[in-house]
Amino acid sequence: MRRKRLEPIPEILIFDVDGVLVDVRESFWRSALETMRFLTGKRVTWAELYKWKNKPGNNDDWSMVSNWATALGRPTTYEEARDAFQQFYWDRDGRPGNVRREKMLVTPKQMERWAKRFELDLFTGRTRQEFTYTFARWAGTRRFRTVVTMDDARKKPYPDGLLKILGGRDPSTALYLGDNVDDGLAAQSAGVRFMAILPAGVLGFRQRAAGFRELGALALLPRATSINAWLK
């Protein structure tokens, strides 16, 4: 999409976490691949993961693993998927978990610059524990006014987290940045403007781009900081 200035300029910027502020390919997504092999005995691929991740309702990796393993002939409940996933994501029996591989995609200095102009909030599919582990020591965390995790509201694609952040305020004053179809669905339900983070060259780019446009995404951005071009 052609870059242009947003009108009106939002007063509230709401961020998803995974794929927006944090690179989770080597943490959550690798854990999902390892969990699938553990449950099914099959060596699934990254291409398959992207396909399943972009199905509505699979923003939650435990739901995705449950659905995926079941489709491969290994009936798996949400709870079974969650418990198996934790073995790979968190440190266990002296073995470092994949959580240690997470990398921040935005600097604290950028968060500070945004905070001078906008209210900053988070609506994430992470649990509070997962959020705290990664963000507790990051200087940018203190810039967020409200953080809504899956422990605080119904998970996406329900819009509850966005509505909780708005607290009755006009949805048109906010902009949500996410990277998953469930982020777009939540924004659509809440009446909040939405931009999708979709780096060029990722697997399934055209299909994902078309899906985001159908959900009314105002732009497809290669990274979260690309929003600056729209906020001048």
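- When every heavy atom of Ala84 is checked against every heavy atom of Thr35, the shortest pair comes out as CB-CG2, 3.7 Å.
- Residues Asp151 and Phe131 form no side-chain contact, since every pair of their non-hydrogen atoms from C-beta on lies 4.5 Å or further apart.
- More than 12 heavy atoms of other residues, nucleotides or ligands shown are found within 6.0 angstrom of CZ on Arg95.
- Heavy atoms from other residues, nucleotides or ligands lying under 6.0 Å from CZ of Arg223 number 12 at most.
- Atoms OG1 and CZ, from Thr225 and Arg113 in turn, are 9.5 Å apart once rounded to the nearest 0.5 Å.
- A salt bridge links Arg154 and Asp160; the closest N-O separation between the charged side-chain nitrogens and carboxylate oxygens is under 4.0 Å.
- For the residue pair Ser63 and Lys155, a side-chain donor N or O sits within less than 3.5 Å of a side-chain acceptor on the partner.
- When all heavy atoms are compared, the tightest approach of Phe123 to Gly161 is CE1-CA, 3.5 Å.
- Side-chain heavy-atom separations under 4.5 angstrom define the hydrophobic clusters, and the remaining members of the one that includes Leu215 are Val181, Leu185.
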Name the atoms and distances for all side-chain donor-acceptor pairs under 3.5 Å in residues 14-24, with sequence neighbours left out.
unit_1: Asp16; atom_1: OD1; unit_2: Lys156; atom_2: NZ; d: 2.8
unit_1: Asp18; atom_1: OD1; unit_2: Arg126; atom_2: NE; d: 2.7
unit_1: Asp18; atom_1: OD1; unit_2: Arg126; atom_2: NH2; d: 2.9
unit_1: Asp23; atom_1: OD1; unit_2: Arg25; atom_2: N; d: 3.1
unit_1: Asp23; atom_1: OD1; unit_2: Arg25; atom_2: NE; d: 3.1
unit_1: Asp23; atom_1: OD2; unit_2: Arg25; atom_2: NE; d: 3.4
unit_1: Asp23; atom_1: OD2; unit_2: Arg25; atom_2: NH2; d: 2.7

**Message:** Run Tyr89 and Asp61 through side chain to side chain contact (heavy atoms under 4.5 Å, CB included) and show every step you take.
**Reply:** CA-CA 11 Å; Tyr89 183 74; Asp61 289 317; over 6 Å; no
**Request:** Just do the salt bridge (charged side-chain N to carboxylate O under 4.0 Å, His left out) check on Glu80 and Arg82 with the steps written out, would you?
**Result:** CA-CA 5 Å; Glu80 287 175 317; Arg82 176 196 63 201; over 6 Å; no
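- Counting all heavy atoms, side chain and backbone alike, Ile9 lies closest to Trp230 at CD1-O, 3.9 Å.
- If you chain together hydrophobic residues whose side chains sit under 4.5 Å apart, Tyr158 and Ile165 never meet in one group.
- A salt bridge between Glu48 and Lys53 is absent, with no side-chain N of the basic residue lying under 4.0 Å from a carboxylate O of the acidic one.
- A donor-acceptor contact closer than 3.5 angstrom links the side chains of Gln110 and Asn228.
- A tilted orientation is assigned to the rings of Phe194 and Tyr176, their planes being inclined by 30° to 60°.
- Of the possible donor and acceptor atoms, one in the side chain of Glu130 sits under 3.5 Å from a partner among the backbone N and O of Thr127.
- Of all heavy-atom pairs between Ile197 and Pro222, the closest is CG2-O, 4.1 Å.
- Residues Leu72 and Thr70 fail the side-chain proximity criterion, which asks for heavy atoms closer than 4.5 Å.
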**Request:** Begin from the C-alpha positions of Leu33 and Val44 and carry the test side chain to side chain contact (heavy atoms under 4.5 Å, CB included) through to its verdict.
**Result:** CA-CA 6 Å; Leu33 291 176; Val44 294; 3.7 Å; yes
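- Judged by distance alone, the side chain of Thr76 and the main-chain N or O of Arg74 form a donor-acceptor pair under 3.5 Å.
- Met64 and Leu49 get closest at one heavy-atom pair: SD-O, 4.2 Å.
- Within the 4.5 Å cutoff, side-chain heavy atoms of Phe28 are placed close to those of Glu102.
- Below 30°, between 30° and 60°, or above 60°: for Phe135 and Trp138 the angle between ring planes is above 60°, a perpendicular geometry.
- Dense packing is recorded around CZ of Arg128, with more than 12 heavy atoms of other residues, nucleotides or ligands lying under 6.0 Å away.
- When atom types are taken as modelled, the side chain of Ser189 and the backbone of Ala186 share no donor-acceptor pair closer than 3.5 angstrom.
- Taken from OG in Ser27 to CZ in Arg101, the straight-line distance is 9.5 Å, to the nearest 0.5 Å.
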**Message:** Does Asp121 form a side chain to side chain contact (heavy atoms under 4.5 Å, CB included) with Ile12? I'd like the steps, not just the answer.
**Reply:** CA-CA 8 Å; Asp121 302 286; Ile12 307 165; 3.2 Å; yes
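- In this structure, a donor-acceptor pair under 3.5 Å is present between the side chains of Asn58 and Asn67.
- Atom CZ of residue Arg137 and atom OG1 of residue Thr134 lie 8.5 Å apart, to the nearest 0.5 angstrom.
- Among residues two or more places apart in sequence or in another chain, the side-chain contact (heavy atoms from CB on, under 4.5 Å) test is passed with Asp83 by none.
- Rounded to the nearest 0.5 angstrom, Leu203 CG and Trp46 CH2 are separated by 10.5 Å.
- One finds the CG atom of Leu175 at 5.5 Å from the CG atom of Leu177 (value rounded to the nearest 0.5 Å).
- Residues satisfying the side chain to side chain donor-acceptor pair (under 3.5 Å) test with Glu34, not counting sequence neighbours, are Asn98.
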**Message:** Is there a side chain to side chain contact (heavy atoms under 4.5 Å, CB included) between Arg208 and Val202? Walk through the geometry before answering.
**Reply:** CA-CA 9 Å; Arg208 293 180 64 189; Val202 299; 3.9 Å; yes
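- In Arg169, the CZ atom is crowded: over 12 heavy atoms of neighbouring residues, nucleotides or ligands sit closer than 6.0 Å.
- You'll find the side chain of Arg193 reaches within 4.5 Å of the side chain of Pro8, heavy atoms only.
- Taking each heavy atom of Gly125 and Met150 in turn, the nearest pair found is O-SD, 3.3 Å.
- Looking at Asp91, its side chain does come within 3.5 Å of a backbone N or O of Gly97 through a donor-acceptor pair.
- At least one donor-acceptor pair under 3.5 Å links the side chain of Thr40 to the backbone N or O of Met36.
- The CH2 atom of Trp62 sits 11.5 Å away from atom OG of Ser31, with the distance rounded to the nearest 0.5 Å.
- Listed by chain and residue number, Trp90 satisfy the side chain to side chain donor-acceptor pair (under 3.5 Å) test with Gln86 (two or more places apart in sequence, or in another chain).
- Leu231 places a side-chain heavy atom less than 4.5 Å from the side chain of Leu6.
- Phe144 meets the ring-ring contact (aromatic ring centres under 6.0 Å, His included) test with no other residue; sequence neighbours excluded.
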